[in-house]
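These notes concern the structure reproduced below.
Below, chain A is the first sequence line, B the second, and so on; all start at residue 1. Everything numeric here is computed off the predicted structure, so don't read it as measured data.
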Amino acid sequence: MLERRAFAADLDYGRAGPSRGEWAMGIEFRGVTKKYPDGTVAVDDLNLTIEDGTITVFVGPSGCGKTTSLRMINRMVEPTSGTILLDGADVRDSDPALLRRGIGYVIQHAGLFPHRTVLSNVATVPLLSGWEKRKARERAAELLETVGLPAELGKRYPAQLSGGQQQRVGVARALAADSPVLLMDEPFSAVDPVVREGLQDELLRLQSQLGKTIVFVTHDIDEAVRLGDKVAVLRVGGRLAQYGTPADVLRHPVDDFVAGFVGKDRGYRGLSFLSAGDVLVEDVPTVRVGSAPGESTDWRLAVNDEGEPRGWLPPSSTVDGDLSESDLLAGGSLYQQGTPIRGALDAALSSPASLGVVVDADGKAIGVVTARQVLDVIENHPQGVTR
Amino acid sequence: MIGEIIDWFTSSANWQGADGVPTRVLQHLGYVLLALVLASVIAVPIGLYVGHTGRGGVLLVGSGNVIRALPTLGLVTFLFLLFTDSDVAAIIGLVVLAIPPILAGTYAGLQAVDRAVVDAAEGMGMRGGQRLWQIEVPIALPLVLGGVRNAVLQLVATAAVAAYVGLGGLGRYLLDGLAILDYGEVAAGAILTALLAIVLDVVLAAVQRALVPRGVRLAEAGAKKEVSA
Ligand SMILES: Nc1ncnc2c1ncn2[C@@H]1O[C@H](COP(=O)(O)OP(=O)(O)O)[C@@H](O)[C@H]1O
Ligand SMILES: [Mg+2]
């Protein structure tokens with residue numbers, strides 16, 4: 001009765017945003033090499049085409065030339081040889097300051113201007129471009145909202161914000177350029193993992209609305225796989241090792257370096273790209289917290305008045321009077337319907353009842369899955385790691 | 001001794017005329033401010049240039065140290081012999097003395113601006129001048145003004161040497177007092193010099209508070225908290 005199907009379409013994280021491609025610009029590296037004056041070859045003959053309206057991630061170990069590659073796009077670094085084309089035009093033909101005002105730029109520690117309020121930080125580029133002060137501030141206020149910050153924060157100074165908030169302001173400031181291209185250099189690596197995940201989700205949500213061409217640098221393969229439409233794996237010495245979709249890179253690493261870099265868990269990680277559309281969600285007996293549970297020889301899922309899972313009641317357990325939360329075993333992770341199958345497997349494996357709890361978008365329990373069922377789906381998808 | 005000092009301060013003759021306290025204080029203040037303005041006009045632009053471009057930092061620190069090693073009195077005497085003009089000799093000596101702290105403060109202030117902030121300013125599309133005046137200078141202000149305060153303290157103390165080459169100022173009390181072995185006058189000169197230094201420092205501290213942007217102060221306070229935590 002409670003059989004439900006996950007919506008595979010939701011898996012697409014809304015990649016095809018409304019404005020996708022309308023005014024976005026592609027970026028092309030043609031034989032680009034950067035040799036620093038001290039002789040370090042940071043980037044070696046890079047050839048790469050970044051499609052417009054997509055997130056392309058440069059990933060690789062520290063010192064492999066990711067930052068250098070990124071900074072050559074907005075001419076913070078000049079290539080020793082080769083050409084970089086932005087929307088078909090050589091970046092060297094533009095005045096560097098004007099070029100940069102037209103390209104959003106976000107860096108690791110946000111680099112907010114400490115002496116300026118959040119609002120005037122965000123208004124930086126519009127003001128540089130000669131906007132009226134009032135209009136620039138209005139735009140800045142809009143952008144704070146876009147990146148999920150309350151308007152009151154606009155009056156504060158960067159020192160009065162948390163690390164995660166600072167990064168959001170950094171993103172808002174880069175978006176103020178209203179440019180089709182956004183360069184992001186390890187923007188989330190200085191915040192703690194929980195905040196980082198929130199910021200990543202936020203970026204994907206933003207991208208689904210804005211459809212920009214984003215070049216994102218990280219040393220974290222998980223982040224690369226999570227955010228990238230395409231991933232460019234670089235090796236030390238500034239050589240491109242592999243360029244493809246995250247699924248490609250995880251499933252078919254071209255050599256030992258890439259295989260080693262993407263790590264041992266790549267098979268499991270690949271599940272992040274598999275739709276859980278075919279997993280059957282089964283009914284499960286439930287009991288309500290705050291009412292008498294009666295008796296049963298089955299595992300029963302306890303839910304609150306809103307139908308949200310609160311924990312498990314083991315078989316044949318006795319409860320005096322009404323069920324309270326202290327009678328329950330803590331539940332495992334929850335699997336939200338419509339998200340990748342990796343979460344479903346984890347929910348099943350982490351549940352004390354070996355039954356993974358499936359919830360809908362509102363957090364209401366709608367049934368359970370077993371690891372066996374999840375594995376069946378995985379096995380029936382030999383080509384399953386797709387996006 | 002205490003009695004002599006009190007006598008000196010309470011004698012109304014010492015508060016009037018060309019040798020009175022108000023005149024001497026104003027003269028002293030005049031030397032200090034003139035030297036400060038001239039030294040700032042020289043040192044601030046050099047410090048800004050070197051700090052902004054990063055070019056010549058080693059040379060700057062080295063020459064600052066050389067200047068600091070010069071004995072001021074010797075320098076002023078030498079300049080006096082050179083120019084045979086006590087005003088010029090005294091002022092040049094004081095300017096030379098005030099340059100290193102201002103130069104060091106300005107340079108250190110710009111150097112201390114977070115790399116990420118400079119990088120972001122450049123990446124946003126600011127030109128060199130915009131970055132310097134809109135970003136680097138406001139953030140560097142606490143250290144620049146710190147250098148100015150150091151310079152003022154040294155100037156107040158050292159402006160007394162003007163007396164050696166025949167000028168006015170509070171140094172007169174020290175020198176004239178010594179000449180006639182009036183220790184009350186010598187001590188009064190020393191006390192007035194110290195008081196002037198304190199008052200000027202308090203005034204400059206207020207100026208610093210007024211000029212340093214609020215966000216920069218908050219950031220400093222935050223950094224201190226992190227260090228002590
Ligand atoms: N300004 C510079 N001068 C000399 N060498 C540099 C400079 N910037 C980076 N490098 C060197 O170039 C290589 C690539 O650096 P970078 O692009 O910062 O790598 P990543 O961002 O992947 O860590 C490293 O070996 C680094 O030490
Ligand atoms: Mg880097």
Tyr164(B), OH: over 12 other non-hydrogen atoms inside 6.0 angstrom: no
Which portion of Tyr105(A) sits near chain B, non-hydrogen atoms under 4.5 angstrom: both
Heavy-atom closest pair, residues Gln134(B) and His115(A): O-NE2, 2.7 Å
Shortest non-hydrogen contact from Ala97(A) toward Arg127(B): CB-NH1, 3.5 Å
Flag if over 12 foreign heavy atoms under 6.0 Å of CD, Glu78(A): yes
Distance, nearest 0.5 Å, that separates CZ of Arg156(A) from CG of Leu218(B): 11.0 Å
Contact winner vs chain A - Pro138(B), Gly123(B), Ala116(B), Ala121(B), heavy-atom pairs under 4.5 Å: Gly123(B)
Closest non-hydrogen atom pair between Val117(B) and Pro114(A), with its separation: CG2-CD, 4.1 Å
Heavy-atom pairs under 4.5 Å with chain B, option from Gln160(A), His109(A), Arg75(A) with the top count: Gln160(A)
Engaged part of Leu99(A) at the chain B interface, taking heavy atoms whose separation is under 4.5 Å: neither
Gap between atom CZ of Arg71(A) and atom CG of Asp119(B) - 0.5 Å precision: 4.0 Å
Side chain / backbone / both / neither for Asp114(B) at chain A, heavy atoms under 4.5 Å: neither
Beyond-backbone contact of Thr124(A) with Met126(B), side-chain heavy atoms, under 4.5 angstrom: yes
Closest non-hydrogen atom pair between Arg101(A) and Met124(B), with its separation: CG-O, 3.4 Å
Closest heavy-atom pair and its distance - Ala120(B), Gly111(A): CB-O, 3.4 Å
